[in-house]
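A quick write-up on the structure given underneath.
Chain letters run A, B, ... following the sequence lines, proteins first, then strands; residues in each count from 1.
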Amino acid sequence: MIKRETETGAEAKIWSALETIPDPEIPVLSIVDLGIVRKVSITENGEPAITITATYTGCPAMDMIAIEIRMKLAATGYKQVTLINAISPAWTTDWMSEEGKQKLKEYGIAPPNSKQQVCDQNLFAEADAVQCPQCNSYNTYRISEFGSTACKALYQCNNCKEPFDYFKCH
Amino acid sequence: MSKHLTDFILHLADSTLILGQRNGEWCGHGPVLEQDIAITNITLDLIGQARSLYQYAAKLINEVSKLSESEVPPAEGFKAASEDTLAYLRTEREFKNFLLVEQPNSDWGQTILRQFLFSTWQYYLYQQLKEKGSDTTLAAIAEKSLKEISYHVRWSGEWVIRLGDGTAESKKRMAHAIQELWPYTGELFLPAPYEKVAEVDFDKLKPAWFKKVSDVFNEATLLVPQHVYMHTGGKTGTHTEHLGYMLAELQYMQRSFPGCEW
């Protein structure tokens, strides 16, 4: 989760507006929950400047997210908005809010494990122990490291047999 | 800004774009659904990386053309260089990708092997770019890409082992794939004139790559070829016949309708 600096009233208002924008591919999370919005500031002429970052370099949702931000802020009263696309520091699942992780789980997607236990570089490394979002069992296995979007892997629960997406640690 | 730096970035961008375009041919044709999704996920990463690199190259090119006020109109219908003009409007001779990545997909084994050879090269080179950090944009692109490349190396390496140490048929096919692709690996470590500026340390890059590849081949019970004639030229724009056909397909729309959007 991003740590916000002491913010002005206008900035807080913009953050609140951005919190209502769902991610196009995982609509249960807002773009703020996901850690895509990195910074909000107001320029000298009173216009908002928003820094955003892509989860994966090829994330096809970035253009959509930019349009959503412009439309939402236009409706909030800001016609001119500067969008800054930052690559560094590289996005990580550590930036996802706790609230976001809880929302993911309720939606049926297993939230990312904390970074320490994962990202094993070895070939045929043991897959992470991922908790089934349906029945909470850890008796699950990885079907594929690559899922329906770049940020997810495909798992199945051995207990309740339900297949599910895992938002993989990154 | 030096032309060498732009050329180096274009070389990296072209290699990822062309491999992405090749892999994309598998979309809907993978051996099983999960692996079809895997190879197309990797493709998405490669195209994403190519976009970051082209955007950076375009920025440098535009800075230069503004400074010198030289007439470098990128192309009819376009106001300035952009990721699109660089990908869609350069000719075959201007592309600086490795010959390796433009080779046809052939079977799944050959596609997997090509990915493994390339991703392993990318992994060690990008480590250098990230650690050197003298060019902060390039270092940032490298750092972000490395997170994705780690998945690619592991996934493709596991497949090389699974197929090499698999059935008689899969082993035969992997051996054939090595025979087909190995002659294109020499170029990975042959410095191009523009690489001086990036200070790529080939003395470190080659052994690191070779060790990783040898380890995986050994575990896959596959042999590392010895004394093979190496094809070169891709990095400086002399390509095999395959690239022209790829670009014809890739660039058709923008060549026919310059600047078209949808």
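Atom NZ of K132(B) has more than 12 heavy atoms from other residues, nucleotides or ligands within 6.0 Å. Surrounding OH of Y88(B) are at most 12 heavy atoms belonging to other residues, nucleotides or ligands under 6.0 Å away. By the neighbour-count criterion of 12 heavy atoms within 6.0 Å, atom CD of Q156(A) is densely surrounded, having more than that number from other residues, nucleotides or ligands. The environment of CZ in R22(B) is crowded: more than 12 heavy-atom neighbours from other residues, nucleotides or ligands sit within 6.0 Å.
No part of I47(B) comes within reach of chain A, as not one of its non-hydrogen atoms sits under 4.5 angstrom from that chain. For a residue to count as touching a neighbouring chain, one of its non-hydrogen atoms must lie under 4.5 Å from one of that chain's; by this rule T57(A) touches chain B with backbone and side chain alike. Of the two parts of V216(B), only the side chain, counted from C-beta on, holds a non-hydrogen atom closer than 4.5 Å to a non-hydrogen atom of chain A.
The aromatic rings of Y151(B) and H170(A) lie parallel to each other, their planes meeting at an angle below 30°, with 60° marking the opposite boundary.
Residues Y56(A) and K147(B) are not in side-chain contact: their nearest non-hydrogen atoms beyond the backbone lie 4.5 Å or more apart.
If you tally non-hydrogen atom pairs under 4.5 Å between each of Q35(B), Q49(B), Q55(B) and chain A, the highest count goes to Q49(B). The choice from D45(B), L46(B), V153(B) that makes the most heavy-atom pairs within less than 4.5 Å of chain A is D45(B). Between chain A and the residues L146(B), N41(B), I141(B), the largest count of heavy-atom pairs under 4.5 Å involves N41(B). Ranked by heavy-atom pairs under 4.5 Å with chain B, the list L154(A), T149(A), I143(A), I87(A) is led by I87(A).
To the nearest 0.5 Å, the span separating OG1 on T53(A) from NZ on K144(B) amounts to 4.5 Å. Between atom CD of residue E145(A) and atom CD of residue E34(B) there is a gap of 13.5 Å, rounded to the nearest 0.5 Å.
Contact between G147(A) and I37(B) at its shortest, heavy atoms only, is O-CG2, 3.1 Å. Considering every non-hydrogen atom in both P60(A) and L44(B), the closest pair reads CD-CD2, 4.1 Å.
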